[in-house]
Amino acid sequence: MTRNIITRTFQLIIFAIIGIIGFLLLNLLLIENWIIPDPCYYHSHDTTKLFDIFYEIKSSEGGHPVPSTFNIVLTIVLGIIAGTLLGLRIINKANKNE
């Protein structure tokens, strides 16, 4: 019984890590390129408050938008939730088939 709980916990941690990686890749490779097709646009245009929540414009990045800490933390939390829910679904389905 204890071994089953440890195995299930380990599996859920692996699924959560996979969810984090998947969501970070989705955010940084697809969503960011969709929202910010031309990062140089923001050299001469103002940003909205909503944009400022998710992105920062740093001088160290040449004035281009980069994900804010809130953006990264939200992405990680959503990845953990999605990965854990997917893991629970797969684990429960596998246990029903046994």
Side-chain angles (χ1 to χ4, degrees):
M1 180 73 172
T2 305
R3 180 182 163 121
N4 189 19
I5 292 171
I6 293 171
T7 303
R8 183 178 169 145
T9 302
F10 180 72
Q11 289 172 337
L12 287 177
I13 290 170
I14 296 298
F15 276 108
I17 291 170
I18 291 170
I20 291 169
I21 293 169
F23 268 61
L24 283 172
L25 289 174
L26 179 71
N27 184 19
L28 298 175
L29 297 177
L30 293 177
I31 295 174
E32 187 173 325
N33 288 331
W34 178 61
I35 292 174
I36 308 169
D38 179 21
C40 293
Y41 172 84
Y42 297 99
H43 292 300
S44 59
H45 294 85
D46 292 332
T47 59
T48 64
K49 296 290 183 194
L50 183 63
F51 186 89
D52 291 340
I53 292 172
F54 291 99
Y55 293 95
E56 301 170 336
I57 297 181
K58 296 183 177 183
S59 59
S60 62
E61 295 292 328
H64 297 140
V66 294
S68 67
T69 304
F70 175 75
N71 185 339
I72 298 299
V73 169
L74 181 65
T75 302
I76 290 171
V77 169
L78 291 176
I80 290 171
I81 292 169
T84 303
L85 291 175
L86 178 66
L88 284 171
R89 189 171 196 176
I90 290 172
I91 291 168
N92 289 335
K93 196 172 204 179
N95 288 340
K96 285 182 184 178
N97 290 339
E98 290 180 353

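For this chain, numbers begin at 1 and follow the sequence in order. Since the structure is predicted, the reported quantities are computational estimates derived from the model, not experimental observations.
Closest approach of Thr84 to Leu12, counting heavy atoms only: O-CD2, 3.8 Å. In this structure, Pro65 and Pro39 approach most closely via the heavy-atom pair CD-O, 3.8 Å. Nearest heavy atoms, Leu29 versus Asn33: O-ND2, 2.6 Å. In plain terms, the two heavy atoms of His64 and Cys40 that are nearest each other are NE2-SG, 3.3 Å. What you find for Glu56 and Ser68 is that their closest heavy atoms are CG-CB, 3.7 Å.
Linking ILVMFWY residues whenever their side-chain heavy atoms come closer than 4.5 Å, directly or via other members, leaves Leu24 and Trp34 in distinct clusters. Connection of Leu26 to Leu74 is established within a shared hydrophobic cluster, with ILVMFWY side chains joined at heavy-atom distances below 4.5 Å, either directly or through further cluster members. Linking Ile, Leu, Val, Met, Phe, Trp and Tyr residues whenever their side-chain heavy atoms come within less than 4.5 Å leaves Val73 and Leu28 in two separate clusters. Hydrophobic clustering keeps Ile72 apart from Ile35 (ILVMFWY residues linked when any side-chain heavy atoms are closer than 4.5 Å, directly or through intermediates). Under the 4.5 Å side-chain heavy-atom criterion for grouping Ile, Leu, Val, Met, Phe, Trp and Tyr, Tyr42 is connected to Leu50 within one hydrophobic cluster.
Once rounded to the nearest 0.5 Å, the distance linking CG of Asn71 with CD1 of Ile31 reads 8.5 Å. Taking CD1 of Ile90 as the reference point, atom CG of Leu85 lies at 11.0 Å (rounded to 0.5 Å). Rounding to the nearest 0.5 angstrom, the gap separating the CD1 atom in Ile20 from the CD1 atom in Ile81 is 10.5 Å.
By the 4.5 Å heavy-atom criterion applied to side chains, His43 and Ile57 are not counted as neighbours. Contact of the Tyr55 side chain with the Pro67 side chain is registered, since non-hydrogen atoms from C-beta on lie closer than 4.5 Å. In this structure the side chain of Asn27 never reaches within 4.5 angstrom of the side chain of Phe23, judged on heavy atoms. A heavy-atom distance below 4.5 Å is found between the side chains of Arg8 and Leu88.
Aromatic ring pairs are classed by plane angle as parallel below 30°, tilted from 30° to 60° and perpendicular above 60°; the pair Phe54 and Phe70 is tilted.
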